[in-house]
Protein chains: 2
Amino acid sequence: MIRHYEKIGLIETAGRTASGYRVYTSNDVHTLQFIRRSRDLGFSVAQIQDLLALWRTRDRSSAEVRAVAVEHIEHLCEKVTQLQEMIATLRDLAERCSDDDRPDCPILQDLAEGRHGECDAPVESRFGVGRVHATPQ
Amino acid sequence: MIRHYEKIGLIETAGRTASGYRVYTSNDVHTLQFIRRSRDLGFSVAQIQDLLALWRTRDRSSAEVRAVAVEHIEHLCEKVTQLQEMIATLRDLAERCSDDDRPDCPILQDLAEGRHGECDAPVESRFGVGRVHATPQ
DNA sequence: CCCAACCATCCAACAATGGGAACGTTCCCA
DNA sequence: TGGGAACGTTCCCATTGTTGGATGGTTGGG
């Protein structure tokens with residue numbers, strides 16, 4: 001991972017011993033810990049790049065940092081919402097499923113027939129079947 | 001995507017016209033819709049493979065289908081839990097952030113110093129700095 | 001019959017990591 | 001003074017699901 005971070009430019013090129021081994025200063029280690037904690041909080045590499053830049057800037061504004069964090073929070077919330085919608089649908093289906101040897105299953109039925117909304121568009125536009133756009137004029 | 005699904009064996013090889021164009025039967029389209037709805041619910045390709053197999057099996061048991069769904073629900077719940085933990089931490093940090101021009105920012109401070117628990121292990125074992133295991137005996 | 005819109009294939013990239021092969025280095029311990 | 005295990009290095013491939021480009025063949029309406 002660290003070598004990867006070095007390659008993509010997230011951290012600066014580490015020093016080397018005479019034999020080619022990488023040498024990390026305590027500063028490097030500190031930066032890596034910063035990165036790890038950022039990743040633990042779900043920040044993307046791009047965002048970490050921003051955060052690191054701000055971290056290294058003496059006269060940064062905390063508002064800038066907060067903006068990155070707030071944007072990330074919103075992104076995470078969106079993901080949670082999506083996941084909870086999936087969970088709700090699946091819970092509903094699983095609850096209506098007899099959970100025995102019978103072959104009729106509301107879960108498969110739903111997947112096959114799709115009554116949960118997102119699939120109202122005609123097949124043609126959803127899968128590009130057939131010639132969609134005629135030559136104009 | 002569809003060509004990709006064909007390549008990885010999620011769907012069977014589509015028929016071809018004389019000139020090599022793929023031809024999809026309404027059955028194929030139905031299967032693809034099944035797949036899309038499964039993906040909308042967050043199922044992985046591997047799980048969809050299972051679901052498709054069950055779908056095509058006449059004397060399947062709905063318990064089998066339910067098992068796939070329930071396992072998936074648990075997986076989704078885990079993800080939600082993780083995301084919510086991140087959100088809680090970030091919300092707390094953002095709240096304590098002054099959101100102005102001052103350079104002292106609790107968010108960066110936390111990322112740099114890490115007081116939220118997961119980082120108690122010494123640097124050596126977390127990043128492989130130094131020789132961890134001596135030759136035994 | 002031309003040309004835009006469509007198909008085909010192959011290849012590369014994304015984000016972040018994991019893993020292995022093949023090979024050089026360090027250093028404890030016998 | 002070795003031997004050998006535990007390191008390190010580089011390069012490459014796999015993952016997961018999707019998107020995109022490049023290049024070239026096919027279709028079909030105007």
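Quick note on labels: first sequence line is chain A, next is B, and so on, each numbered from 1.
- For the pair R16(A) and M1(B), nearest-nucleotide mapping onto DNA chain D gives the more 5' position to R16(A).
- Atoms CD (Q49(B)) and C1' (dT16(D)) sit 14 Å apart, rounded to a whole Å.
- Under the Watson-Crick or G-U wobble criterion, with both distances below 3.5 Å, dA16(C) is paired with dT15(D).
- Following rounding to the nearest Å, I8(B) (CD1) and dT19(D) (C1') show an atom-to-atom distance of 15 Å.
- The residue S44(A) sits close only to the backbone: its heavy atoms come under 4.0 Å of sugar-phosphate atoms, none of a base.
- When the side-chain nitrogen and oxygen atoms of S19(A) are compared with OP1 and OP2 of dG8(D), none of them lie within a distance under 4.0 Å.
- For the pair I11(A) CD1 and dA16(C) P, the computed distance is 14 Å after rounding to whole Å.
- For Y5(A) and dA16(C), the shortest distance from a side-chain N or O to OP1 or OP2 is not below 4.0 Å.
- Under a 3.5 Å cut-off, the side chain of H72(B) and the backbone N or O of L41(B) do form a donor-acceptor pair.
- At the heavy-atom level, F43(B) lies nowhere under 4.0 Å from the strands shown.
- In this structure, R3(A) and Y21(B) both approach DNA chain D, and ranking their closest nucleotides by distance from the 5' end singles out R3(A).
- A parallel orientation is assigned to the rings of F34(A) and W55(A), their planes being inclined by less than 30° (bins at 30° and 60°).
- Side-chain atoms of T25(B) come within 3.5 Å of backbone atoms of N27(B) as a donor-acceptor pair (strictly under, hydrogens ignored).
- Of the charged side-chain nitrogens involved, at least one lies within less than 4.0 Å of a carboxylate oxygen, so that R102(B) and D100(B) count as a salt-bridged pair.
- Distance, Q82(B) CD to dA16(C) P: 16 Å, rounded to whole Å.
- Look at CZ on R36(B): it is 15 Å from P on dG17(D), rounded to the nearest Å.
- With rounding to whole Å, H4(B) atom NE2 is found 16 Å from dC11(C) atom P.
- Protein atom NZ of K7(B) is 9 Å distant from nucleotide atom C1' of dC11(C), rounded to whole Å.
- Atom CD in E6(A) sits about 18 Å away from atom P in dA16(C), given to the nearest Å.
- Identified under the side-chain hydrogen bond (donor to acceptor under 3.5 Å, both in side chains) test for residues 5-20 of chain B, with sequence neighbours left out: E6(B)-R22(B), T17(B)-S19(B).
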